[in-house]
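Note sheet for the following structure.
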Amino acid sequence: MAAASRLFFNSLLVSEGNARQWRTSAWRKELAAWMRTRRRGDGLGLPALVAPLVRSAVRSFDLGTLVAAQDRRLLEASPLLLVLETEDDRPLDWLRAGQALQHVLLAGCARGLQASYLNQPIQVDALRGRLAELTGTRVPQVLLRMGRIPGAPHASPRRAPASVIEWRGDQRRCRGGRC
């Protein structure tokens with residue numbers, strides 16, 4: 001299949017995934033829960049003044065058509081689309097996919113590339129097999145777009161390592177993330 005055809009069908013799968021996810025109120029509520037003020041240090045950072053309004057709109061309205069159109073434009077303008085695959089779909093495969101993703105993201109960052117996820121066809125079970133067929137992959141785990149963004153990119157918020165790492169071992173030596 002020609003690259004333009006694959007791009008078109010990938011775009012359709014992303015759009016269909018958006019439509020299915022946004023129609024699901026539980027999914028919208030979960031997305032809204034991840035929308036937090038930038039000061040929080042994690043999640044989808046929003047300015048504090050608009051965060052409550054945006055969360056309410058996301059919880060209440062099916063914005064699938066709007067988001068699908070935006071994602072379609074992003075996908076079609078992407079210089080590189082990448083599908084990370086595994087042999088199977090077991091926890092060990094997920095771990096290996098995460099390790100491979102880490103390497104891809106760090107290598108891209110070292111070369112000045114930005115990455116964003118278009119995982120709707122992977123998160124919607126009914127679309128995952130279609131993505132595998134379209135791309136010739138075994139078990140797709142991540143659909144990623146990569147490229148350069150004009151201007152200086154800003155870092156996304158991060159939590160302090162001590163707030164996300166659970167230290168185990170000699171409790172007498174390890175206190176509060178310090179060993």
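These numbers were taken from a predicted model, which means no experiment stands behind them. All heavy atoms count here, side chains included; hydrogens, waters and symmetry mates do not.
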Report yes or no: do Leu113 and Leu105 belong to one cluster of Ile/Leu/Val/Met/Phe/Trp/Tyr joined by side chain heavy-atom distances under 4.5 Å?
yes
Sequence neighbours excluded, which residues qualify as side chain to side chain donor-acceptor pair (under 3.5 Å) partners of Thr86?
Gln141
Using a cut-off of 6.0 Å, state whether more than 12 heavy atoms not belonging to Leu92 lie near its atom CG.
yes
Could you state the interatomic distance from CZ (Arg72) to CG (Leu118), rounded to the nearest 0.5 Å?
12.5 Å
Does one hydrophobic cluster hold both Met35 and Leu63, with members joined at side-chain heavy-atom distances below 4.5 Å?
yes
Side chain Ser163, main chain Ala160, donor-acceptor under 3.5 Å:
yes
For the hydrophobic clusters of this structure (ILVMFWY residues joined by side-chain heavy atoms under 4.5 Å, transitively), does one cluster hold both Leu80 and Ile149?
no
I need the minimum non-hydrogen distance between Trp94 and Asp89, along with the two atoms involved.
NE1-OD1, 2.7 Å
Which heavy-atom pair separates Pro121 from Leu131 by the least distance, and what is that distance?
CB-CD2, 4.1 Å
Pairwise distance CG(Leu143) to CG(Leu13) - rounded to 0.5 angstrom
9.0 Å
Donor-acceptor pair, side chain of Ser56 and main chain of Pro52, under 3.5 angstrom:
no
Crowding at CD, Gln123 (>12 non-hydrogen neighbours, <6.0 Å)
yes
Starting at CG of Leu44, measure out to OG1 of Thr37 and round the result to the nearest 0.5 Å.
12.0 Å
Nearest heavy-atom contact between Ser60 and Arg28 is O-NH2, 4.0 Å
Which pair of heavy atoms, one from Met146 and one from Pro79, lies closest together, and at what distance?
O-CG, 3.4 Å
Working note: Asp88 + Arg96, criterion salt bridge (Lys or Arg N to Asp or Glu O under 4.0 Å); need CA distance, chi angles, decisive distance, verdict.
CA-CA 11 Å; Asp88 209 336; Arg96 289 183 177 148; over 6 Å; no
For the hydrophobic clusters of this structure (ILVMFWY residues joined by side-chain heavy atoms under 4.5 Å, transitively), does one cluster hold both Trp34 and Val67?
no
Indicate, with yes or no, if Val14 and Leu81 share a hydrophobic cluster defined by side-chain heavy-atom contacts under 4.5 Å among Ile, Leu, Val, Met, Phe, Trp and Tyr.
yes
Under a 3.5 Å distance rule, please check whether Thr137 uses its side chain to pair with a backbone N or O of Glu133 as donor and acceptor.
no
Heavy-atom closest pair, residues Arg148 and Arg111
NH1-O, 2.6 Å
Grab the two heavy atoms, one from Pro140 and one from Ile122, that are nearest each other, plus how far apart they are.
O-CG2, 3.9 Å
Ion pair present between Arg130 and Glu16, side-chain N to carboxylate O less than 4.0 angstrom?
yes
Asn18 side, atom CG; Asp71 side, atom CG - distance, nearest 0.5 Å:
4.5 Å
First locate atom CZ of Arg20, then atom CG of Asp125, and finally report the distance between them rounded to the nearest 0.5 Å.
10.0 Å
Answer whether the closest heavy-atom distance between the side chains of Val104 and Leu144 falls below 4.5 Å.
yes
Donor-acceptor under 3.5 Å (Arg128 side chain, Val139 main chain)
no
In Å, rounded to the nearest 0.5 Å, how long is the span from CZ of Arg23 to CG of Asp62?
7.5 Å
Should Trp22 and Thr65 be marked as a side-chain contact (heavy atoms from CB on, under 4.5 Å) after you check the CA-CA gap, both sets of side-chain angles, and the distance that decides it?
CA-CA 9 Å; Trp22 280 92; Thr65 303; over 6 Å; no
Between Asp93 and Arg90, is the salt bridge (Lys or Arg N to Asp or Glu O under 4.0 Å) condition met? List the steps.
CA-CA 5 Å; Asp93 299 295; Arg90 300 174 308 225; 3.4 Å; yes
